[in-house]
Each structure stands twice: as structure tokens, then as C-alpha cells.
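Owing to the predicted nature of the structure, the values given are computational and were not obtained by experimental measurement.
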Amino acid sequence: MSAFYSKMAQTAVRLLTKFGTDAILTKGGVSVRDKVAGTVTKSSYSVHTVKAVITEYNTKLIDGQTILQGDRKVILDPRVKPEIGDSINVAGSTWNVVHVQASEPAGVPLTYTLQVRK
């Protein structure tokens, strides 16, 4: 069964490559403030080029608590697993990842759906 889902993942990548856009996913990079020295340094981070589609939320879903006005939904290819706190640059705008939902039947990642916020 996992061969079936692996083919589905390949199809997702192919469709996102065809209809999506390049995006830059930055993983890690937590800012650390040294109060004594008065400096701010960023921990190590990695940068990945991914394929993504960004859309607006339906206004009926914006509740002002979980989904805020201005939040966006990003469908991301399965090659790099995003996490809350990562950032993604899509079409020249940088967004912070506030929620990640994985589509992983039988443990095979097909896509990731991100809720992102500026």
C-alpha cells in the first residue's frame, strides 16, 4: 500500500511544481537575546526551496481566535517537513508558520497544509 501512497506523493510534487510557485522555507533560527552583552544572535537554521500554493481563508472560517484576518493557507510539497515557528517566503512576502497539518496516509507524507501569519 505504501507504493500507492509514494506514487500519490510524486503526483503531489508534480502538480505543485506545475501549478505552484517557488517558496523559501526557513527552518529553525530562534533568536537568543544575551541581556548581559546586549546582543541578539540567531541559532542555526536551514533554508529549503519548496513548491507551494498560497490562498486566502474563506471569510466564514476567520473566527478572530484560531484564524485571524490576514492569515493565509499554504499547501506545501512533502519533501521538507515544516514545523510551527518556521517561516516561509512566498511571492516576496515572509510568513510565520502558526499551524501545520500533515496529510500522511500510511505514514507517507503527501502534502503539508500550513496556516501562516505575518
Side-chain angles (χ1 to χ4, degrees):
M1 190 57 97
S2 71
F4 171 75
Y5 292 121
S6 293
K7 283 189 173 201
M8 286 183 68
Q10 292 170 358
T11 299
V13 170
R14 189 177 70 249
L15 289 171
L16 284 166
T17 299
K18 184 174 182 178
F19 298 108
T21 186
D22 283 335
I24 305 298
L25 178 68
T26 303
K27 299 184 59 55
V30 177
S31 294
V32 179
R33 183 178 308 273
D34 184 341
K35 293 179 182 178
V36 175
T39 60
V40 177
T41 57
K42 206 160 189 151
S43 64
S44 64
Y45 62 93
S46 59
V47 177
H48 307 272
T49 300
V50 294
K51 291 294 184 177
V53 173
I54 187 166
T55 63
E56 294 183 8
Y57 278 98
N58 183 317
T59 55
K60 294 178 183 177
L61 296 175
I62 298 171
D63 61 7
Q65 294 178 348
T66 305
I67 301 175
L68 304 179
Q69 184 71 34
D71 284 2
R72 298 289 187 266
K73 184 189 315 186
V74 177
I75 309 298
L76 192 66
D77 75 50
R79 295 178 284 187
V80 179
K81 185 175 184 174
E83 296 176 355
I84 294 171
D86 291 348
S87 65
I88 188 163
N89 186 302
V90 183
S93 295
T94 301
W95 302 82
N96 296 313
V97 177
V98 296
H99 181 74
V100 178
Q101 181 178 352
S103 175
E104 296 179 315
V108 178
L110 302 180
T111 60
Y112 295 103
T113 302
L114 312 179
Q115 178 183 352
V116 297
R117 183 174 294 152
K118 282 197 174 196

query = Is the shortest side-chain N to carboxylate O distance from Glu56 to Lys73 below 4.0 Å?
reply = no
Evaluation steps, side-chain contact (heavy atoms from CB on, under 4.5 Å), between Ile88 and Leu76 = CA-CA 10 Å; Ile88 188 163; Leu76 192 66; 3.8 Å; yes
message = Are there over 12 heavy-atom neighbours, none belonging to Lys118, within less than 6.0 Å of that residue's NZ?
response = yes
query = Is there a donor-acceptor pair closer than 3.5 Å between any side-chain N or O of Asn89 and the backbone N or O of Ile24?
reply = no
remark   = For Tyr57, the hydrophobic cluster (side chain heavy atoms closer than 4.5 Å, chained through members) also holds Leu61, Ile62, Ile67
request  = Answer yes or no: does atom NZ of Lys81 have more than 12 heavy-atom neighbours from other residues, nucleotides or ligands under 6.0 Å?
outcome  = no
key: Tyr45 versus Gly28, closest heavy-atom pair with distance   = CB-C, 3.8 Å
key: In one Ile/Leu/Val/Met/Phe/Trp/Tyr side-chain cluster, 4.5 Å: Val50, Val13   = no
query = If you measure from CZ on Arg117 to CG on Asn96, what distance do you get to the nearest 0.5 Å?
reply = 9.5 Å
For the student: nearest non-hydrogen atoms of Trp95 and Val90, plus distance = NE1-O, 4.5 Å
task = Looking only at non-hydrogen atoms, find the nearest pair between Ser6 and Val108 and report the distance.
result = N-CG1, 4.1 Å
query = From Arg79 CZ over to Tyr112 OH, what is the distance, rounded to the nearest 0.5 angstrom?
reply = 12.0 Å
key: Thr111 to Pro78 - nearest heavy-atom pair and separation   = N-CB, 4.3 Å
inquiry  = Working to the nearest 0.5 angstrom, can you tell me the gap between Ser87 OG and Leu114 CG?
reply    = 11.0 Å
query = OG1/Thr11 to CG/Leu16 distance, rounded to the nearest 0.5 angstrom?
reply = 11.0 Å
key: Atom of Ala12, atom of Leu110 and distance for their closest heavy-atom approach   = CB-O, 3.5 Å
key: Point-to-point distance, once rounded to the nearest 0.5 Å, from OG1 of Thr21 to CD1 of Ile54   = 10.0 Å
ask   = If you look at every heavy atom in Ala52 and Val74, which pair is closest and at what distance?
value = CB-CG1, 3.7 Å
Spatial distance of atom OG1 (Thr113) from atom NE2 (His99) [nearest 0.5 Å] = 8.5 Å
